[in-house]
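As structure tokens, the structure follows; a few thoughts come after it.
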Amino acid sequence: MTVRVRFAPSPTGPLHIGGVRTALFNYLFARKNNGAFLLRIEDTDKNRFVPGAEEYIIESLKWCGIKIDEGQSVGGDFGPYKQSERKAIYKKYANKLIESGNAYYAFDTPEAIENLRKQAENDGQNFIYNFESRVNLNNSISLSSEEVNHKINSGEPYVIRFKTPQNQIVKMSDIIRGTVEVNTNTLDDKVLYKSDGLPTYHLANIVDDHLMGITHVIRGEEWLPSLPLHYMLYDALEWGNEKPIFAHLPLLLKPTGKGKLSKRDGEKMGFPVFPLEWHGQNGEVAKGYREDGYFADAFINMLALLGWNPGTEQEILSINDMIELFDIEKVQKGGARFDPDKAKWFNQKYLQSKPTADLLAPFQQILKSKSINTNNEKDAQIIELVKERASFIYELWDHAYFFYETPTEYDPKVVKKRWKNNVPDIIKQIGEKLSDEKIWEANHLKEIVSEIINANEAGFGAVMNALRLSIVGGGMGPDLFQIIEIIGQKESLERINNAIDTLTN
């Protein structure tokens, strides 16, 4: 059996990171088993369709490095891969279910159903369209065949509902959750085919999975309540022996661990819940991981470990590592708590591990935006010194600006603590000594400064912090003498003299 899995999102808005994780787990499973990963767009709900959402989904998968083997945007032998282009297919199977007695026509108007719900609520009950209520409602079970034909021929709107059998146990198997059993008396008769001539998710999903040869359905936990119906549909369509194997992934939870992660959580706490920035039709803009400065491989690594344990202590995993280690049976049942700080940690680790050459061009874009001339050798040296301190490329500037800008202000706390007693005189001696130096190299400069400090019998830390204050304007930065070497003799002496003039006066 060739493994075939699919990711089947609806184009109803931006792709949530929970959806990205579902796509990722399908992709990893396919690659691990030398199978195929399909993309199918499930757009049968015309009321919820959002322009641009399909393109957003495809671009998101591309940025994440999740390669589509077959499906929307790449084609294949089982197309079309967009459900709105497969309308004619579904009616055939809806009719088959009618003919076999597994489905029926229902002519109840939405208003009539709503009135029944309200009436039940007033009586302290819930209205369910099922084996008990259907015999008294406006459908082909309660009506004669002549009445049904007349309604259909006169163009009266109808839906097709699944006829859920009474008092049967549906026994289901899930890779992650084991065996699940449900009594059909707890289920309602779901609509399979709508009055607009389009199928609902339930019918279209089953028909497409069967016709496209899907062997494993790996999807979110929110679809678990639909599994009994899907099992019964496979049997009703006489495909019972060809059911795919199911696996329902755990929810992504809020950072608090209570409830499903939502867009509102991201807005409140300042982190993205979408892979790419989303621009809504109403002018709304939602943050994206790409635009917030995350590396795609760091983002994917973080997502992979939400709900899946590779069985090792290793957390930094390349996509090839993930494919090699991935085991769907090691996916947990319980929800996985999303931690925005952990997401930043992953990005930091990836930034630190990237070759400096890969960071040079984006860092130089920052410099150019500030009208600073770039120099490949100097800029690469600076990146190498400061990248251990940054989580994002844009933060490199926060840790490196003093290499390019002479201090015009000095941290008052450092000034108060360090610029006192005989320290300014020692800084002046250091400047005078360094002005005559022919060898401008970090280790050599450190020896000279150390000799001056020792000769003055001063505290090494006190003088070094004051010298750092002179060079960078505060108490931050990497090795001071590497900074001095990189900015050069002329710039270093000017900064020392500026500090003496400014802080003494």
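Start at 1 with the first residue, then count along the sequence.
- Taking the six-membered ring for Trp and the full ring otherwise, the centers of Tyr294 and Phe346 sit at least 6.0 Å from each other.
- In this pair, Tyr404 and Phe363 present their aromatic rings tilted. The plane angle is within the 30 to 60° band.
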For this session: Give the intermediate values and the outcome of side chain to side chain contact (heavy atoms under 4.5 Å, CB included) for residues Leu249 and Thr22.
Result: CA-CA 7 Å; Leu249 306 175; Thr22 298; 3.8 Å; yes

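- Between Phe37 and Phe7, the two ring planes are parallel [angle under 30°; tilted spans 30° to 60°].
- The main-chain N or O of Glu388 is found under 3.5 Å from a side-chain atom of Gln352 such that the two form a donor-acceptor pair.
- Atom OH of Tyr410 and atom CG of Leu469 lie 7.0 Å apart (nearest 0.5 Å).
- Cation-pi check for Lys378 over Phe403 is not met; the charged atom does not lie both under 6.0 angstrom from the ring centroid and within 45 degrees of its normal.
- For Tyr289 and Trp63, the distance between ring centers is not under 6.0 angstrom.
- Taking the six-membered ring for Trp, Phe25 and Phe326 have ring centres closer than 6.0 Å.
- Nearest heavy-atom pair, Ser435 versus Leu493, reported as atom, atom and distance to 0.1 Å: CA-CD1, 3.5 Å.
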Exercise. Going through the distances and angles, do Asp45 and Arg48 end up as a side chain to side chain contact (heavy atoms under 4.5 Å, CB included)?
Worked result: CA-CA 6 Å; Asp45 191 341; Arg48 297 181 63 216; 3.1 Å; yes

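- When each of Val415, Asn421, Val414 is paired with Arg418, the side-chain contact (heavy atoms from CB on, under 4.5 Å) condition holds for Val414 and for no other.
- For the pair Gln482 (side chain) and Ala442 (backbone), a donor-acceptor distance under 3.5 Å is absent.
- Under the 30°/60° scheme for interplanar angles, the aromatic rings of Tyr201 and Trp223 are found to lie parallel.
- Screening Arg177, Lys333, His248 for a side chain to side chain donor-acceptor pair (under 3.5 Å) with Glu221, the sole residue that qualifies is Arg177.
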